[in-house]
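For reference, the structure discussed in these notes is given below.
Only this structure's heavy atoms are used, side chains among them; waters, hydrogens and symmetry mates stay out.
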Amino acid sequence: MIAISRPRTNETRLKFVKTEETFPVSYSTLACDALISQVLPQYPIEAVQGCQFWHRGLSDVYIIETAHTAYILRISHHHWRSRSETHFELELLDYLWKREIPVARALRTKDGRLSVDINAPEGTRYAALFTYAPGQVPVGDLDSEQSRTLGATVARLHEVSQQFTTDHDRAPLTLEYLLDRSVEAIAPFLHGRPEDLTFLNTTANQIGSQLADFPKTLPLWSVCWGDPHSGNAHFTPEGDVTLFDFDQCGYGWRIFDIAKFLQVSLQAGLSRRNRDAFVEGYQEVSPLTDWEKYTLPAFTQVAHIWAWAIALGTAQLYDYSRLDRSYFSRQLQQLKRLQARDWQPF
């Protein structure tokens, strides 16, 4: 029998959506032929020749091909993003693109909308058609020049987005959202591991105390990408970069984006030289304050805890088999690794 870590309460269990017409579902996979016939004709693009379900993550991603152009069709998950949250991101990307930040933006429909509502069995989901980022994900991960370029581009993004405003709501990337809610989601799975639960709570309390007075003022507080790493950027052979996947974006501290890059890079095994190049590229555009440098290790731990909680949510939806004892041991080991000094850039 496979040992599975289960929460002690029912608070983290998914709720099924019931309708009179269909059997209750928590998540559906939308058919490509229906997307071709019902959603894509609403966009001013050539006739679609191919639609392939490409990736299931926080949203469903499809590759769309016409005779001359490729696009990315992203379908939000009903449980993950509301209309307002979705349009916050789409308007941000439109804003950044108009100010020459290299992002894959959402196209507008023939009648000017940034998304299309889909009446899925579990509830309304939102489709957005994106330009395809030229180039590809760096083979074997980032080299130092690509890291420097990515860091400088994120710094420009933060500077430009300081003036971004929208009528749409999305939770800001505060400590309450990133840390407190994440610990609440993780803790029920550790009730059978009291020492590990104590470590998690102690770590969260220490981080909360250290960052409690961190200011939410410009330029420290801006709009964050939320998930900057090599898997969310394409590079051309000429070295040009295009950013994509802003599904975790929101108003937040700019240092959090740097922390998130370092957290993912450390987990992926990116070299010290190439990690440092990202920070150096960032500071060539926007120098960090001493306070930001001092709190970077704490924000990197926050990034790990937040990513851990998000992964738990998706695993409960369609991949509970991942949540065995070794999974939690790896997550805890990585969190402890982030408390060491040997990886820190300052």
Side-chain angles (χ1 to χ4, degrees), residues 29-78 80-120 124-137 153 156-157 160-161 163-170 223 225-228 231-236 240-250:
T29 301
L30 305 182
C32 283
D33 56 353
L35 294 173
I36 292 174
S37 63
Q38 299 181 40
V39 174
L40 294 169
Q42 300 185 49
Y43 289 92
I45 61 175
E46 296 177 295
V48 174
Q49 296 186 348
C51 173
Q52 179 65 54
F53 184 29
W54 185 251
H55 178 70
R56 175 171 294 161
L58 295 179
S59 301
D60 287 349
V61 176
Y62 298 75
I63 291 183
I64 307 301
E65 293 181 299
T66 68
H68 302 97
T69 310
Y71 303 92
I72 293 294
L73 180 67
R74 193 192 70 189
I75 314 293
S76 67
H77 289 177
H78 174 68
W80 174 242
R81 291 298 185 198
S82 67
R83 180 198 300 273
S84 184
E85 290 170 329
T86 299
H87 277 255
F88 180 103
E89 174 197 358
L90 301 182
E91 289 191 5
L92 172 65
L93 290 170
D94 193 58
Y95 173 93
L96 294 173
W97 176 76
K98 289 177 179 177
R99 286 154 182 81
E100 300 184 345
I101 301 298
V103 296
R105 76 189 193 281
L107 302 179
R108 293 186 180 271
T109 61
K110 295 174 182 177
D111 58 0
R113 291 171 293 133
L114 283 170
S115 70
V116 174
D117 292 7
I118 295 178
N119 185 25
T124 305
R125 298 173 65 180
Y126 306 101
L129 186 67
F130 293 85
T131 55
Y132 191 90
Q136 63 181 11
V137 170
T153 304
R156 289 174 50 219
L157 182 159
V160 167
S161 63
Q163 305 305 318
F164 173 71
T165 59
T166 177
D167 293 330
H168 296 290
D169 293 324
R170 178 179 278 220
V223 176
W225 178 1
D227 200 17
N232 285 341
H234 277 182
F235 284 86
T236 66
D240 297 324
V241 65
T242 301
L243 316 181
F244 53 88
D245 191 357
F246 279 64
D247 195 21
Q248 297 180 31
C249 71

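- Contact check for W97 versus P102: no side-chain heavy atoms found under the 4.5 Å cut-off.
- Looking at heavy atoms from C-beta onward, Y43 lies out of side-chain contact with K110 at the 4.5 angstrom threshold.
- Between C51 atom SG and L40 atom CG the span is 6.5 Å, to the nearest 0.5 Å.
- The main-chain N or O of T66 is never found under 3.5 Å from a side-chain atom of T69 such that the two would form a donor-acceptor pair.
- Residue pairs meeting the salt bridge (Lys or Arg N to Asp or Glu O under 4.0 Å) criterion with at least one partner in residues 36-59, sequence neighbours excluded, are R56-D60.
- Scanning both residues, A127 and I118, for their nearest heavy atoms gives CB-CD1, 3.8 Å.
- Looking at R74 and T86, their side chains come closer than 4.5 Å, going by heavy atoms from C-beta outward.
- Using a 4.5 Å heavy-atom cutoff, the side chains of Y126 and H87 are not in contact.
- Residues I64 and V48 meet the side-chain proximity criterion, which asks for heavy atoms closer than 4.5 Å.
- With hydrogens and angles ignored, the 3.5 Å screen pairs no side-chain donor or acceptor of S76 with any backbone N or O of S59.
- The residues D117 and R125 are annotated as not salt-bridged, no charged nitrogen and carboxylate oxygen being separated by less than 4.0 angstrom.
- Side chains of D245 and W225: no donor on one and acceptor on the other come within 3.5 Å.
- Aromatic rings from F130 and F246 are positioned such that their centres are separated by 6.0 Å or more.
- Between atom CG of residue N232 and atom OG1 of residue T242 there is a gap of 12.5 Å, rounded to the nearest 0.5 Å.
- Checked by atom type and distance alone, the side chain of R99 pairs as donor or acceptor with a backbone atom of Y95 at under 3.5 Å.
- Side-chain contact annotation: T109 with Q42, donor-acceptor N/O pair under 3.5 Å absent.
- A distance of 12.0 Å separates CZ of R156 from OG of S161, quoted to the nearest 0.5 Å.
- Nearest heavy atom pair, residue A233 against residue L243, reads CB-CD2, 4.3 Å.
- Residue pairs meeting the ring-ring contact (aromatic ring centres under 6.0 Å, His included) criterion with at least one member in residues 55-74, sequence neighbours excluded, are F53-Y62.
- Counting all heavy atoms, side chain and backbone alike, H234 lies closest to A133 at ND1-O, 2.8 Å.
- A donor atom on one side chain and an acceptor atom on the other are not found under 3.5 Å apart for T124 and H78.
- For the atom pair CG (L129) and CG (L73), the distance works out to 6.0 Å, reported to the nearest 0.5 Å.
- Once rounded to the nearest 0.5 Å, the distance linking CG of L92 with CZ of R105 reads 14.0 Å.
- With 3.5 Å as the limit, one finds no donor-acceptor pair spanning the side chains of H168 and E85.
- The shortest heavy-atom contact between I101 and L157 is CD1-N, 4.0 Å.
- At a threshold of 4.0 Å, the pair R170-E91 does not count as salt-bridged, since none of the basic side-chain nitrogens sits closer than that to a carboxylate oxygen.
- Summarising the geometry, atom CG belonging to L107 is positioned 13.0 Å from atom CZ belonging to R113; distances are rounded to the nearest 0.5 Å.
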